[in-house]
Amino acid sequence: MKKQKEFYTVRGYQMLNCEKKSVTSSMEDYLEMIYRASLKEGFARTNQLAENLNVRPSSVTKIVQKLKELELVNYEKYGVIVLTKKGENLGKFLLKRHQIIEEFLKSLGIQDVLLQDTEMIEHDISFHTLKAIHLFNQFLIENPGILKQYEIFKTKHQNIGFCYPESIK
């Protein structure tokens with residue numbers, strides 16, 4: 001394995017990852033949501049996506065047109081949005097990635113910011129780390145006693161001294 005020789009800013013790592021993929025984080029969110037809708041109805045609608053993603057319909061249209069250019073969806077203006085096979089495969093992966101991270105954070109006891117943290121993490125996590133988290137999730141499922149021990153430990157140590165510096169609260 002090649003040893004990393006230097007640090008980057010978060011944006012620097014994002015830019016390095018961006019070179020490896022043609023779909024942006026925003027596009028991933030739309031594709032995941034289209035996939036979710038497709039599981040229920042077989043397609044998605046612009047207004048439905050706008051509502052679910054808290055964006056304007058015009059924003060949905062712009063992203064969906066880009067997804068169409070990448071051959072991930074079929075879409076005609078004012079029509080339904082249907083995933084291509086390529087889009088379906090990617091959408092399925094994106095939903096699974098979301099679920100893996102969400103399950104891991106739930107195991108840690110995250111509740112109030114569960115969706116927000118899942119969304120923030122899922123776009124920048126490496127595939128290698130995602131696989132490791134998935135395996136760890138499976139380990140916890142097969143060894144529920146370990147998770148119970150962690151919950152007891154967490155309760156005992158909930159007042160451990162860790163906080164934000166005053167200057168950034």
Side-chain angles (χ1 to χ4, degrees), residues 1-39 44 49 52-55 59 63-64 66-67 69-73 83-165 168-169:
M1 185 169 112
K2 184 180 174 184
K3 185 178 178 185
Q4 184 175 330
K5 294 183 180 181
E6 48 191 299
F7 287 94
Y8 295 92
T9 63
V10 170
R11 182 69 183 132
Y13 286 113
Q14 290 170 335
M15 290 171 64
L16 288 173
N17 288 338
C18 184
E19 294 170 4
K20 298 175 189 170
K21 61 182 186 178
S22 59
V23 178
T24 66
S25 296
S26 180
M27 290 174 172
E28 288 180 348
D29 286 334
Y30 283 84
L31 203 52
E32 181 185 329
M33 196 58 68
I34 293 167
Y35 181 76
R36 287 174 185 258
S38 295
L39 289 175
L49 291 175
N52 290 343
L53 293 170
N54 294 301
V55 297
S59 298
I63 296 292
V64 168
K66 290 178 183 177
L67 293 173
E69 288 172 18
L70 294 170
E71 299 178 350
L72 296 169
V73 299
L83 292 167
T84 62
K85 190 64 179 164
K86 182 177 163 184
E88 183 180 347
N89 288 339
L90 184 52
K92 184 177 184 176
F93 167 77
L94 295 172
L95 178 58
K96 182 67 176 171
R97 178 182 71 183
H98 180 98
Q99 292 167 334
I100 289 168
I101 294 166
E102 183 177 67
E103 184 179 342
F104 175 68
L105 293 176
K106 282 180 182 176
S107 295
L108 294 177
I110 306 302
Q111 294 174 357
D112 295 344
V113 292
L114 179 64
L115 180 58
Q116 177 184 339
D117 283 356
T118 300
E119 288 296 323
M120 297 299 289
I121 293 168
E122 70 184 354
H123 297 292
D124 290 320
I125 194 167
S126 70
F127 186 69
H128 175 77
T129 300
L130 183 67
K131 281 176 43 180
I133 290 173
H134 182 55
L135 186 61
F136 186 73
N137 288 345
Q138 290 306 119
F139 173 78
L140 291 177
I141 289 168
E142 292 179 22
N143 298 279
I146 299 289
L147 188 55
K148 236 346 169 202
Q149 286 179 343
Y150 172 69
E151 289 166 359
I152 292 166
F153 177 85
K154 192 170 80 174
T155 301
K156 252 175 43 178
H157 295 85
Q158 64 188 350
N159 295 326
I160 199 163
F162 181 81
C163 62
Y164 278 110
I168 61 172
K169 277 187 177 180

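- A pairwise comparison of heavy atoms in Ser38 and Leu83 identifies OG-CD1, 3.9 Å as the closest pair.
- Atom CD1 of Ile110 is separated from atom CG of Leu115 by 13.0 Å, given to the nearest 0.5 angstrom.
- Listed here is the closest heavy atom pair of Ser22 and Leu70: O-CD1, 4.0 Å.
- Heavy-atom contacts from other residues, nucleotides or ligands closer than 6.0 Å to OH of Tyr150 number more than 12.
- With rounding to the nearest 0.5 angstrom, the CD1 atom of Ile121 is 4.5 Å from the CG atom of Leu105.
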Which is it for Leu95 and Leu39 under the side chain to side chain contact (heavy atoms under 4.5 Å, CB included) test, yes or no, and what are the steps along the way?
CA-CA 11 Å; Leu95 178 58; Leu39 289 175; 3.9 Å; yes

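- Atoms CG and CG, on Leu140 and Leu147 in that order, are 5.5 Å from each other to the nearest 0.5 Å.
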Can Leu72 and Met27 be said to form a side chain to side chain contact (heavy atoms under 4.5 Å, CB included), step by step?
CA-CA 10 Å; Leu72 296 169; Met27 290 174 172; over 6 Å; no

Begin from the C-alpha positions of Lys85 and Asn89 and carry the test side chain to side chain contact (heavy atoms under 4.5 Å, CB included) through to its verdict.
CA-CA 6 Å; Lys85 190 64 179 164; Asn89 288 339; 4.2 Å; yes

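- When all heavy atoms are compared, the tightest approach of Ile100 to Asn137 is O-ND2, 2.9 Å.
- Nearest heavy atoms, Glu102 versus Thr118: CA-OG1, 3.7 Å.
- Between Leu94 and Glu28, the shortest heavy-atom contact is CD1-O, 3.5 Å.
- The main-chain N or O of Leu108 is found under 3.5 Å from a side-chain atom of Lys154 such that the two form a donor-acceptor pair.
- Few gaps surround NE2 on His157; more than 12 heavy atoms of other groups in view lie less than 6.0 Å from it.
- Here the CZ-CG distance, from Phe104 to Asp117, works out to 11.5 Å after rounding to the nearest 0.5 Å.
- A distance of 12.5 Å separates CD1 in Ile34 from CD in Glu88, rounded to the nearest 0.5 Å.
- Residues Met120 and Asp124 come closest through the heavy atom pair O-OD2, 4.2 Å.
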Steps toward side chain to side chain contact (heavy atoms under 4.5 Å, CB included) verdict (His123, Arg97)
CA-CA 9 Å; His123 297 292; Arg97 178 182 71 183; 3.6 Å; yes

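- Put simply, the side chain of Asp29 does not reach to within 4.5 Å of the side chain of His98, judged on heavy atoms.
- Taking the charged nitrogens against the carboxylate oxygens, Glu32 and Arg36 do have a contact shorter than 4.0 Å, which makes a salt bridge.
- In this structure, the separation between OH on Tyr30 and CG on Leu67 is 9.5 Å, given to the nearest 0.5 Å.
- Contact of the Ile125 side chain with the Ile133 side chain is registered, since non-hydrogen atoms from C-beta on lie closer than 4.5 Å.
- Between Phe127 and Phe93, the two ring planes are tilted [angle within 30° to 60°].
- Counting only heavy atoms from C-beta outward, the side chains of Leu31 and Val73 approach each other to under 4.5 Å.
- Applying the salt bridge (Lys or Arg N to Asp or Glu O under 4.0 Å) test to residues at least two apart or on different chains, the pairs with a partner in residues 130-150 are Lys148-Glu151.
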